[in-house]
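All of these numbers come straight from a predicted model, not from anything done at the bench. In what follows, chains carry the letters A, B, and so on, assigned in the order in which the sequence lines appear, proteins first and then strands, with residues in each chain numbered from 1.
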Amino acid sequence: MSENPNNWPLWEVFIQSKRGLDHKHVGSLHAADAQMAIENARDVYTRRQEGQSIWVVPAVAISASQPDDAAMLFDPADDKTYRHPTFYQMPEGAKFI
Amino acid sequence: MTEVKNLEELFQAKVDAELKIEPKDWMPDGYRKNLVRQISQHAHSEVVGMLPEGNWITRAPNLRRKAILLAKIQDEAGHGLYLYSAVETLGTTREKTVEDLLSGKAKYSSIFNYPTLTWADIGAVGWLVDGAAIMNQVMLCRTSYGPYARAMVRICKEESFHQRQGYEIMSVLSKGTPAQREMAQDALNRWWWPSLMMFGPSDANSPHSAQSMKWKIKRQSNDELRQTFVDRTVQQAEVIGLKVPDPKLKWNESTQHYDSGEIDWTEFNNVVAGNGPCNKERLAARNKAHDDGAWVREAAMAYAAKKAKKQAA
């Protein structure tokens, strides 16, 4: 991370906007520890009732896929249209299916 | 070499197809540098922009105005932070970005080098300065770099109250006593031209613009945005009975836009070069805040380390 040990580490912030919805990434901020990261996230990302729950994760703890790997990871799904319900032909007149 | 050229073509094809560029994508060096410069300048402007308004918190005319002004200034701090985070996704540390502001190496919007002399200036800043900023920021919601565009969407949602509270201040003053009216007109007189300068040099003298448009960092030219701002603001001034201080201002039936007088670019260049009324004061204030806060940053880290050790034990 940073050379200066007094620099606060970076945290990624996830906000749940409403009970029942998922936590969504909204951005990042710097804080000395998790508690401060939550308090700062409250001030930076929820000034207008945008959230009712906050997750903070140290940015260094996140592993991400690489753009170069996108083809390897995601292309195999391209030719598997049978994974979608619309792939199947239903007999005329059948209901609730 | 051919490989880089190929990558560049692929990159441009993505941009042309309106696909957002994300932090881990390959991007030309120039694109990255251009963005670091533009986004950090933008972030610095939000942060320095708190100073002329902070000047009036303790002297706001009533509690309603004071609460509003505090909320607006807090928003500006938030906007600075969204943008600093966006810069960091380009591989520049927060420390370096802040250092560049404090050393005077990085620029911020010159508008904040003008003083806020009266309460009406707070109205004019919200109405005109935030109004001009919004024009630019609405365009940037469609910028090609994903993290910048997302920060802009968030900012635009919050910014509209800033402009409206400013216009409300001007509207109330213009309906007040003759002295209040005069104060509002005086603020408009002083902030009009610097606000027009916020859009930057005219297209003919803006060398980076073409490249920024090709990369879709910018989506509209300086002059286009400036014209839209003039057209909208002149109408708003009329509604509250204030006069825009431009004797050459005239509605043009054939273009369906206002024609306006020439901007004094010598003044613009002077302020950019560091010779505006408040350049030194602003930088000194930022440096003082940074230095005075050093012990807090250190103490917080020391406390975090102590707590982590205790938890491990």
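- When the candidates His79(B), Glu298(B), Arg150(B) are compared by the number of heavy-atom contacts under 4.5 Å with chain A, Glu298(B) comes out ahead.
- Crowding of Gln49(A) atom CD: a count of heavy atoms from other residues, nucleotides or ligands under 6.0 Å not exceeding 12.
- Across all their heavy atoms, Met301(B) and Asn7(A) have their closest contact at CE-O, 4.0 Å.
- Other residues, nucleotides and ligands place more than 12 heavy atoms under 6.0 Å from the CD1 atom of Ile62(A).
- Within residues 67-97 of chain A, the residues having any heavy atom less than 4.5 Å from a heavy atom of chain B are, in residue-number order, Pro67(A).
- Other residues, nucleotides and ligands contribute over 12 non-hydrogen atoms within 6.0 Å of the CZ atom of Arg59(B).
- Proximity to chain A is absent for every atom of Glu22(B), based on heavy atoms less than 4.5 angstrom apart.
- The interface of residues 16-29 of chain A with chain B, defined by heavy-atom distances below 4.5 Å, comprises Val26(A), Ser28(A), Leu29(A).
- Among residues at least two apart or in separate chains, salt bridge (Lys or Arg N to Asp or Glu O under 4.0 Å) pairs with a member in residues 74-83 of chain B are Arg47(A)-Asp75(B), Arg48(A)-Asp75(B), Lys72(B)-Glu76(B).
- To the nearest 0.5 Å, atoms OG (Ser85(B)) and OH (Tyr45(A)) are separated by 4.0 Å.
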Identify every side-chain donor-acceptor pair in residues 305-313 of chain B under 3.5 Å, counting partners at least two apart or on other chains, and give the distances.
unit_1, atom_1, unit_2, atom_2, d
Lys307(B), NZ, Asp33(A), OD2, 3.2

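- Residues Ala300(B) and Ala32(A) approach most closely at O-CB, 3.6 Å, considering heavy atoms.
- In the model, Glu95(B) has no side-chain atom that pairs as donor or acceptor with a side-chain atom of His30(A) under 3.5 Å.
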